[in-house]
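All values derive from a computational prediction rather than experimental measurement.
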Amino acid sequence: SSQGQPVLSIAPPPSLRDICVKLAGPDALPSPAMSKGWSLPQFLTQPLTLSCFSRETPATTKEAHAWVSGIAGTPLPCKDLRTAMETFKTCGAEGLAVAVGDKSQDELWSAACDLVAAVLLGIEEHLPELRPEIDLREGGPAGSTEIVSLSVSFGDVPIVGEVATLSRCCFEVRLTGPLRFALRRPAMSSAGKTKQPLVLAASGFDLPNLRDAGEIRERMVSVLGAGFDEDMAYEWWQGNKDKEYPLETSKFHRMWESLFGQKSTQLLPRNIRTAALWGYLHNPGCSIQTFTFHKDHQVRGITVTATRAGSKTKEEATLVEICRQISHNVLRENRTAGERFATSSTNFCAMLYGHEVDQAGARAATMIKLFSAAKWWGPGDDGWHRWDNTWTCKDKRNKLGMLVEENGRIVWRVQADGGDSVALAQKVGDDRGSERRRIFCCCRRRR
């Protein structure tokens, strides 16, 4: 057209009247008697044209090449991470409504968005000096089932999310590249009904084992040799943990002590402690590939399961299998007790392996809380708690033990050069809501 907009015109240009006659026959139009005294609306006699309006390429923080080529979805404008998250949620909800035909997936999609927001906005909150590059797209590559995707890169610096010690999780969150989440179109059953689970694909969401956990396992293997088994590993740990991996410097030791140093857990049978240590030592870490959200009536709420990326080495595959067998036993025999003493780690275990033992996955609310940025954190006042900068990273309760305010479980930081020491911010809140800040550097890791 003269305005530079491509126009597709049906030739010869029919009127809507002609189309009505063609589809429904002459009876679809009013008889001469009925039409006497009035005429057909003007739009019924006008030629029908279809205009393809070319929308301007939206301004994103990425190059528009993928949009021009049409192979990776259409970029959507976003001025910052928060508005990108809002658009991601809105676009996904609209896409699901079209794909499913109703709003049955809204509750699942809301939980999925809460998880994504917990991670991305948490990083922005703790590390405001970083300038994220955002790539928000409607649709996906040719042949994909993606409805909407959100990719965020925080630059070339490695980012580490330390999990609060009291969560008893033997991993950290590590981001070394773009973090991407994509909503997949729900699968349909043969009867044409929507299958319930909602799948959120992920990439760049890595959860490696604690570094000193791997060092401790290697140390035991070198010392115990062929005698390296559950019982001998536990004996060695009990006899050497304080000397070789003191609480001042070992995150793994503090995590262990926070669980099995309690009076309530010291009476647990030895086999539970040995199995727990064996599982922690053989945690291979994982890179999450998908989160799947379910409406589970057994737990009266939404649950989430996850799949991990495939093993890259034979050694990693061996660790995964050992960890899987231990997790199966824990869930079958001690899930109820585990959710009482180690809620986060037990639910994380259920997220990965619950469906394999015919159990529900993790509670979505627990996983969202686990990956949320902490509002306050800092060391305790006495004992070894003074050396743990995440010890106060827990919920606020009143004197009766009733919940007053929830707190996230992740402290985000930028890893310093070399990876041996990291800058860690401390944020301590008092009961009046005031806070004070200071920065310090962790001790260098043991060699």
Got [X] and [Y] here, is their nearest side-chain heavy-atom distance under 4.5 Å?
X	Y	answer
N407	C393	yes
F293	W109	no
E215	D212	yes
D388	P379	no
L136	V148	yes
N209	C170	yes
R184	T290	yes
F348	T366	no

Expected output: side-chain [X] to main-chain [Y] donor-acceptor under 3.5 Å:
X	Y	answer
R413	V160	no
H282	I322	no
R168	S345	no
T346	G338	yes

State the [atom1]-[atom2] distance between [X] and [Y], to the nearest 0.5 angstrom.
X	Y	atom1	atom2	answer
K396	E406	NZ	CD	13.0 Å
I410	C169	CD1	SG	8.0 Å
C91	L96	SG	CG	9.5 Å
L108	L200	CG	CG	11.5 Å
S344	M351	OG	CE	11.0 Å

Near N398 CG, under 6.0 Å, is it more than 12 heavy atoms from other residues, nucleotides or ligands?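 Counting neighbours around CG of N398, more than 12 heavy atoms of other residues, nucleotides or ligands fall under 6.0 Å, so yes.
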For E107, does the CD atom sit with more than 12 other heavy atoms under 6.0 Å from it, leaving out its own atoms?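 Atom CD in E107 is not crowded, with 12 or fewer foreign heavy atoms closer than 6.0 Å.
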Does the pair E339/R335 count as a salt bridge with the N-to-O cut at 4.0 Å?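 Salt bridge flag = yes for R335 with E339.
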Does anything in residues 271-280 pair up under side chain to side chain donor-acceptor pair (under 3.5 Å), and if so which pairs, sequence neighbours excluded?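 Listed by first then second residue: Y234-R273.
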Heavy-atom closest pair, residues V304 and M367: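 Closest approach of V304 to M367: CG1-CG, 3.8 Å.
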Once you measure the plane-to-plane angle for F260 and W256, does it fall in the parallel (<30°), tilted (30-60°) or perpendicular (>60°) bin?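 Plane angle between 30° and 60°, so tilted.
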Which of parallel (below 30°), tilted (30 to 60°) and perpendicular (above 60°) describes W237 and Y245?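 W237 and Y245: tilted rings.
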For D395, all residues meeting salt bridge (charged side-chain N to carboxylate O under 4.0 Å, His left out), sequence neighbours excluded: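 For D395 the salt bridge (charged side-chain N to carboxylate O under 4.0 Å, His left out) partners, ignoring immediate neighbours, are K369, R409.
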